[in-house]
2 protein chains.
Amino acid sequence: MTIRESGEMYLETIYILSQKSSSVRGIDVGEYMGFSKPSVSRALGLLKKDGLVVTDGQGFIKLTETGEERAQRIYERHQLLSLLFTNLGVDAETAAEDACRIEHYLSDKTFDAIKRHFEQYGHRG
Amino acid sequence: MTIRESGEMYLETIYILSQKSSSVRGIDVGEYMGFSKPSVSRALGLLKKDGLVVTDGQGFIKLTETGEERAQRIYERHQLLSLLFTNLGVDAETAAEDACRIEHYLSDKTFDAIKRHFEQYGHRG
DNA sequence: CATTATAGTTAGCATAAGCTAACTTGTCAA
DNA sequence: TTGACAAGTTAGCTTATGCTAACTATAATG
């Protein structure tokens, strides 16, 4: 099974929380996303089964190498889309919200094109 | 119930097919989208219940005013996103594919910002 | 008129992903 | 040691949305 939008959101959340604290638990993920413990529990189970996260003996969640790559990929899309939108004059909050929904659906090609655009012409973001 | 990505795709398809032919049937929608007859049947039922489409005695599908507005809104997003991406150097096919997935998640604010951008600076699309 | 093809519907299955209720487990303090 | 709280899991519900199989209804054809 390949993960989808939902799985990517969990992955991204773990990635973001891992940058603030080295001890991320399911409860933290649920709080951040506004989801219940059972929802998080199942989602983490699927991510584990897919080899994207692992938990240590204390229940702390870590991304595997693949999981980290995948999370980073999504996070980069998020950042780039936010940048693109704010550069077009969208307020930061709206840009972030849109980016959050869209990040899952942006192809590599289009992502690269946007990236090249900023590298070429610079930006104010 | 408010329609979602799936419902929007049906609506947009009906809109597109209606521009080519004035007699759009469920079977046409299914063929265009690659979905089965029962899937289309149910989806149309929901769209009818939401007052977005109607069928005449012969089973031909028409968008209501609200349905047309909604379809147009999505279609505009599709066109604008395609334009944005091709302007960034993405090939037309990829741009269209990305636009098709993303069109459902673009806020009014960001849509307007992109539109203003093209009005201001022109484009080659 | 009977057969066949086309279109649509109904019934029911599957998966994804949210939820609540209730259980388990582990830690910590009285 | 016991009682309580916190974290996680299990069971089972719900909705959305795809599917197939099988039925119905209509229209066209021999």
Side-chain angles (χ1 to χ4, degrees), chain A residues 1-14 17-18 20-63 67 70-71 74 100-105, chain B residues 1-14 17-18 20-63 67 70-71 74 100-105:
Chain A
M1 204 256 324
T2 307
I3 67 158
R4 315 164 38 134
E5 183 183 338
S6 162
E8 288 190 346
M9 284 307 300
Y10 283 100
L11 226 47
E12 192 182 11
T13 299
I14 296 164
L17 293 179
S18 295
K20 296 187 202 165
S21 156
S22 56
S23 55
V24 177
R25 295 158 310 162
I27 194 83
D28 305 320
V29 174
E31 238 162 70
Y32 187 91
M33 300 180 78
F35 289 158
S36 69
K37 287 189 297 166
S39 297
V40 175
S41 181
R42 175 173 43 188
L44 291 179
L46 293 171
L47 293 177
K48 277 185 212 171
K49 215 180 55 182
D50 282 0
L52 298 169
V53 311
V54 288
T55 45
D56 64 18
Q58 281 74 59
F60 293 120
I61 305 162
K62 301 273 173 235
L63 295 170
R70 183 74 183 259
I74 304 152
C100 200
R101 291 192 308 273
I102 290 172
E103 61 194 17
H104 315 284
Y105 305 108
Chain B
M1 202 254 325
T2 307
I3 68 158
R4 314 161 43 128
E5 183 182 340
S6 163
E8 288 190 345
M9 284 307 301
Y10 282 101
L11 226 48
E12 192 184 10
T13 300
I14 295 163
L17 294 179
S18 296
K20 296 186 202 166
S21 156
S22 57
S23 56
V24 177
R25 294 159 310 163
I27 194 82
D28 305 320
V29 174
E31 238 162 68
Y32 187 91
M33 299 179 79
F35 288 159
S36 70
K37 286 190 298 168
S39 297
V40 175
S41 181
R42 176 171 42 188
L44 291 180
L46 294 171
L47 293 177
K48 277 185 211 171
K49 216 181 56 183
D50 282 1
L52 299 169
V53 310
V54 288
T55 46
D56 64 18
Q58 281 73 60
F60 293 119
I61 306 162
K62 302 273 173 237
L63 296 170
R70 183 74 183 259
I74 304 151
C100 198
R101 291 193 307 273
I102 290 172
E103 61 194 18
H104 315 283
Y105 305 107

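Proteins come first, then strands; the chains are lettered A, B, ... in the order of their sequence lines, and each starts at number 1. Values below: all heavy atoms of this structure, side chains included; hydrogens, waters and symmetry mates excluded.
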Okay, side chain of A/Lys62, backbone of A/Ser22: is any donor-acceptor separation there less than 3.5 Å? yes
Starting at atom NE2 of B/His104, determine the distance to atom P of D/dA16, rounded to an integer number of angstrom. 17 Å
Does a side-chain heavy-atom distance below 4.5 Å link B/Tyr105 with B/Glu5? yes
Using a 4.0 Å cut-off on heavy atoms, which residues in residues 23-35 of chain A reach DNA chain C? List them by number, or say none. A/Gly34, A/Phe35
Rounded distance in Å - CG (A/Leu44) to P (D/dG8): 8 Å
Check B/Ile14 against B/Ser18 and note the closest heavy-atom contact, atom names and distance. O-OG, 2.6 Å
Does the base of D/dA16 carry an N or O that pairs as donor and acceptor with the side chain of B/Arg4 under 3.5 Å? no
Whole-Å gap separating P (D/dA27) and CZ (B/Phe60): 10 Å
Would you say that B/Leu63 contacts B/Leu52 through its side chain, given a criterion of any heavy-atom pair below 4.5 Å between the two side chains? no
Given D/dT9, C/dT10, C/dA17, identify the nucleotide with an atom nearest to the side chain of B/Ser41. C/dT10
If you restrict it to nitrogen or oxygen atoms, what contacts under 3.5 Å exist between nucleotides 25-28 of chain C and the protein, and what is each distance?
none

Just the rounded figure in Å: distance from P of C/dG18 to CE of A/Met9. 10 Å
Counting any heavy atom closer than 4.0 Å, what does B/Gly59 reach on the DNA or RNA strands: base, sugar-phosphate only, or nothing? sugar-phosphate
I need the CD-C1' distance between A/Glu5 and D/dT17, as an integer number of Å. 15 Å
Would you check if B/Asp28 and B/Thr13 make a side-chain contact, meaning some heavy-atom pair closer than 4.5 Å? no
Taking for each residue the nucleotide of DNA chain D bearing the nearest heavy atom, is the 5' side occupied by A/Arg42 or by A/Lys48? A/Lys48
Can you tell me if A/Asp56 uses its side chain to pair, donor with acceptor, with the backbone of A/Gln58 under 3.5 Å? yes
Measure from CG on B/Asp50 to P on D/dT17 and round the result to the nearest Å. 11 Å
Is there a side-chain contact between A/Thr55 and A/Leu44, using heavy atoms and a 4.5 Å cut-off? no
Donor-acceptor check, side chain of A/Ser41 to backbone of A/Lys37, threshold 3.5 angstrom: yes or no? no
Rounded to the nearest Å, what distance is computed from the CG atom of residue B/Leu47 to the C1' atom of nucleotide C/dT9? 16 Å
Hey, are the side chains of A/Glu103 and A/Met9 touching, using non-hydrogen atoms and a 4.5 Å cut-off? yes
Within the structure provided, determine whether A/Tyr10 and A/Val40 are in side-chain contact (heavy-atom separation under 4.5 Å). yes
I want to check one thing: is the phosphate of C/dA17, taken as OP1 and OP2, less than 4.0 Å away from some side-chain N or O of A/Ser39? no
Where do N or O atoms of nucleotides 21-24 of chain D meet protein N or O atoms at under 3.5 Å, pair by pair?
none

Under 4.0 angstrom between B/Tyr10 side-chain N/O and D/dA16 OP1 or OP2: no
